[in-house]
Every structure is written in C-alpha cells, then in structure tokens.
Engineer: 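Take a look at this one; I'll ask things after.
All residue numbers in this chain count up from 1 along the given sequence. These numbers were taken from a predicted model, which means no experiment stands behind them. Numbering of ligands and ligand atoms starts at 1, following listing order.
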Amino acid sequence: MRLILVGPPGAGKGTQAARLAERHGVVHVATGDLLRFSVQWKTDIGREAKQYMDAGMLVPDDLVLELLRRRLSQSDAQRGYVLDGFPRNPAQADALDKMMVEAGQHIDAVVAVEVPDETIVQRLSARWTCPTCQRTFQVKVSPPAGGHRCPDDGDALFQREDDRPEVIRARLGVFREQTEPLVAHYEEQGLLGRVSGVGTLDEVAGRILAAVQEVRAAR
Ligand code: AMP
C-alpha cells in the first residue's frame, strides 16, 4: 500500500500519517523528519538544508530526492509507505511518478487534508516538538519550570524555529503556491480524495480511511 497525504503545515498530516501507516503495516516517511534528522546529525545534506528550513522555504529538490530514495530503498519500506510532506512541488511529483514507473509500482491514493489558514496559525504557534522522536504536541498553557516533557523520551519539548508566526506565514505561502497545484495533478490521475482536517484526531482519521477506500474502490 502506497499512500500520500497532502496538506498545509499544521494540517495534522504527521499524526494521521503515522496512524495510517500503522493500520496498513507500512512505514511512515516524512521528508521533514528526514531533513530534521540530517540537520541534527550535521550531515552534508543537513548542513545545506538548514538555511531553507529555518526560512520556511522548500529545500532544493535534489537534496530531498536523495534522502527519499535512500529511505524508500530500505527493506522496511518494501511493503509500502505513507508519504507525508512529499511531493511538495510539481517537479517532485514528476520525479515520484518516474520512480514508480521504474520500480513497476503505483501510488494507491492521495488524500488532501484541508484546513483553513487561521486554524493553522493557531495550531502551529501552540506546537511543541520532542527533539528525540520528533513527535509534536499541542500545548496551550505556559510551560512549567523545566519545560514541557515528552511522555516517551522524557526530553524537554521545544518550539521549532519554523513554527514562529512569520515563518508559518511563509510556509503557508509556499504551500498555496507550490504544493496545492499538485492536488489537480493527482485528481487527473483519479487518485485524489479530499477531507476536512478540522475535528478530533479520530474524526479526521475516519475521513482519511474512508477517502482511501473510496479511491481504491473506484480504480
Ligand atoms: P514539514 O515538517 O513537512 O513541515 O517540513 C519542514 C521543512 O522541511 C519545510 O518547511 C521545508 O523547508 C523542508 N521540507 C520538508 N519536506 C520537503 C520537501 N518535500 N521538499 C522541500 N522541502 C521540504
């Protein structure tokens, strides 16, 4: 099973992609996480990517594609994956189409998770991240002394540099200009389902599952 979740930053794609991957017994591949780990480990790709990420801009395609190719060639990705945060522009979508043809594979469904801009700004400015597992949490109260901690790792949560309001606006602009046009690309291929990302985690998860089933049934 190969699925793609498309949506603006803060649409809840990461959480939903992880659930969906678990349900289908496939891996969750988030290019944002791959890039953040590369930055943390100070790899060549990480060193180059950091400036773009801090500014809320897209990292150059060749770097992202290199990371993605490496991740998808690992053995645990052979049963399938849920892609989260990739593709982000038409060139990346074309590169993915080409990779699918070369591998004799296909994408089963693409789900667009739709959320209004005001909701995104509210959600992202309240988002805290675990530096170890990259899990994110909605924190609406001020942190206690010692800060908020990750329930899994016990590490102090932090606010991502790119979750600052001015960077959030830049990321939203990039999404509307470069990523949203992909929805039409997948609609033409008969792969697209659209769901509202507003609601509880379970509600949104239910909508995504229904959309995937609908797309697969129609093929
Ligand atoms: P995300 O966690 O998906 O919001 O990604 C965080 C940042 O990583 C983005 O703002 C981009 O700078 C970079 N990034 C993640 N995925 C991609 C991608 N597919 N193409 C280019 N840049 C990406």
Side-chain angles (χ1 to χ4, degrees), residues 2-18 20-21 27-41 43-72 81-100 107 110-113 115 117 119-121 123-138 157-183 185-186 197:
R2 293 178 195 83
L3 302 171
I4 300 178
L5 288 192
V6 181
K13 292 188 306 294
T15 310
Q16 295 296 347
L20 205 55
V27 289
H28 168 207
V29 176
T31 44
D33 288 346
L34 297 178
L35 284 162
R36 278 185 289 279
F37 285 126
S38 305
V39 170
Q40 217 167 333
W41 296 331
T43 65
D44 289 345
I45 290 183
R47 264 191 268 266
E48 206 172 330
K50 187 175 187 312
Q51 49 186 318
Y52 298 96
M53 297 170 74
D54 286 349
M57 289 161 61
L58 292 187
V59 171
D61 293 340
D62 54 337
L63 301 183
V64 179
L65 279 163
E66 174 61 25
L67 278 181
L68 185 78
R69 280 210 181 88
R70 278 189 217 160
R71 180 67 190 89
L72 296 189
Y81 41 77
V82 179
L83 286 184
D84 155 17
F86 185 96
R88 249 345 201 261
N89 61 24
Q92 292 183 6
D94 289 344
L96 182 64
D97 286 349
K98 229 179 256 162
M99 277 167 68
M100 291 292 109
I107 296 295
V110 179
V111 179
V113 182
V115 178
D117 284 7
T119 313
I120 289 167
V121 176
R123 281 189 192 175
L124 290 187
S125 22
R127 177 159 92 171
W128 291 63
T129 303
C130 170
T132 307
C133 67
Q134 302 289 329
R135 219 176 120 190
T136 57
F137 302 85
Q138 285 290 308
L157 304 181
F158 72 108
Q159 283 197 290
R160 274 167 47 179
E161 184 68 12
D162 60 348
D163 282 344
R164 285 180 294 120
E166 63 275 25
V167 184
I168 294 170
R169 276 189 287 276
R171 291 166 67 200
L172 267 174
V174 168
F175 175 78
R176 299 283 175 228
E177 278 162 33
Q178 303 193 45
T179 311
E180 211 162 37
L182 296 183
V183 166
H185 173 88
Y186 290 116

Engineer: In the protein, which heavy atom is nearest to atom 5 (O) of ligand 1, and how far is it?
Structural biologist: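 Here the closest protein heavy atom is Arg88 NH2, 3.3 Å.
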
Engineer: Could you establish whether Lys13 and ligand 1 come within less than 4.0 Å of each other, counting only heavy atoms on the residue side?
Structural biologist: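 Checking ligand 1 against Lys13, which is what was asked, there is no heavy-atom contact under 4.0 Å.
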
Engineer: Indicate yes or no: does an N/O atom of Val64 lie under 3.5 Å from an N/O atom of ligand 1?
Structural biologist: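 N/O-N/O distance below 3.5 Å does not exist for this pair.
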
Engineer: About how many Å separate CZ of Arg88 and CG of Leu83, when rounded to the nearest 0.5 Å?
Structural biologist: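 Those atoms lie 11.5 Å apart.
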
Engineer: List the closest protein heavy-atom neighbour of atom 17 (C) of ligand 1: residue, atom name, distance to the nearest 0.1 Å.
Structural biologist: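 Checked against all protein heavy atoms, atom 17 (C) of ligand 1 sits closest to Thr31 OG1, 3.6 Å.
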
Engineer: Walk me through whether Ile4 and Leu182 qualify under side-chain contact (heavy atoms from CB on, under 4.5 Å).
Structural biologist: CA-CA 11 Å; Ile4 300 178; Leu182 296 183; over 6 Å; no

Engineer: Working note: Arg171 + Asp163, criterion side-chain contact (heavy atoms from CB on, under 4.5 Å); need CA distance, chi angles, decisive distance, verdict.
Structural biologist: CA-CA 9 Å; Arg171 291 166 67 200; Asp163 282 344; 2.9 Å; yes

Engineer: If you measure every N or O of Gln92 against every N or O of ligand 1, does any of those distances drop under 3.5 Å?
Structural biologist: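 Yes, Gln92 has an N/O under 3.5 Å of an N/O on ligand 1.
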
Engineer: When Asp162 is tested against each of Arg164, Arg160, Gln159 for side chain to side chain donor-acceptor pair (under 3.5 Å), which residue passes?
Structural biologist: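 That would be Arg160; it is the only one of Arg164, Arg160, Gln159 passing the side chain to side chain donor-acceptor pair (under 3.5 Å) with Asp162.
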
Engineer: Once you restrict to heavy atoms under 4.0 Å, what part of Leu58 touches ligand 1? Side chain, backbone, both or neither.
Structural biologist: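 The answer is both.
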
Engineer: Among protein heavy atoms, which lies nearest atom 23 (C) of ligand 1, and at what distance?
Structural biologist: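 Going by distance alone, atom 23 (C) of ligand 1 is nearest to Leu35 CD1, 3.7 Å.
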
Engineer: Is there a donor-acceptor contact under 3.5 Å from the side chain of Ser38 to the main chain of Gly46?
Structural biologist: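 Checked: no pair found.
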
Engineer: What atoms of ligand 1 come closer than 4.0 angstrom to any heavy atom of Arg160?
Structural biologist: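 Listed by number with element, the hits are 2 (O), 4 (O), 6 (C).
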
Engineer: Kindly determine whether Gln16 and Val113 satisfy side-chain contact (heavy atoms from CB on, under 4.5 Å), including the steps that lead there.
Structural biologist: CA-CA 10 Å; Gln16 295 296 347; Val113 182; 6.0 Å; no

Engineer: Would you mind telling me if ligand 1 is within reach of the side chain of Gln178, the backbone, both or neither, using heavy atoms under 4.0 Å?
Structural biologist: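 Under 4.0 Å from ligand 1, Gln178 contributes no heavy atoms.
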
Engineer: When you compare ligand 1 with Val59, is there at least one nitrogen or oxygen pair between them that comes in under 3.5 angstrom?
Structural biologist: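 The answer is yes, given that Val59 and ligand 1 share an N or O pair closer than 3.5 Å.
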
Engineer: Whether the side chain of Lys13 engages the backbone of Pro8 through a donor-acceptor N/O pair (distance < 3.5 Å, no angle test) should be reported.
Structural biologist: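 Side chain of Lys13 to backbone of Pro8, a donor-acceptor pair under 3.5 Å: yes, one is there.
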
Engineer: Strictly by modelled atom types, are Asp97 and His185 linked by a side-chain donor-acceptor pair under 3.5 Å?
Structural biologist: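 Note: Asp97 and His185 side chains meet the donor-acceptor criterion.
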
Engineer: Does any N or O atom in Arg171 lie less than 3.5 angstrom from one in ligand 1, N or O only?
Structural biologist: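 N/O-N/O distance under 3.5 Å: yes.
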
Engineer: Specify the protein heavy atom at minimum distance from atom 6 (C) of ligand 1: its residue, its atom name, and the distance to 0.1 Å.
Structural biologist: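 Answer for atom 6 (C) of ligand 1: Arg36 NH1, 3.4 Å.
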
Engineer: Would you mind checking which non-hydrogen protein atom is closest to atom 8 (O) of ligand 1, with the distance to 0.1 Å?
Structural biologist: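 Result: Met53 CE, 3.6 Å.
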
Engineer: Ligand 1 and Met57, any nitrogen or oxygen pair closer than 3.5 angstrom?
Structural biologist: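 For ligand 1, there is an N or O atom that lies under 3.5 Å from one belonging to Met57.
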
Engineer: Tell me whether Thr31 contacts the main-chain N or O of Gly85 through its side chain, where contact means a donor paired with an acceptor under 3.5 Å.
Structural biologist: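 Side chain of Thr31 to backbone of Gly85, a donor-acceptor pair under 3.5 Å: yes, one is there.
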
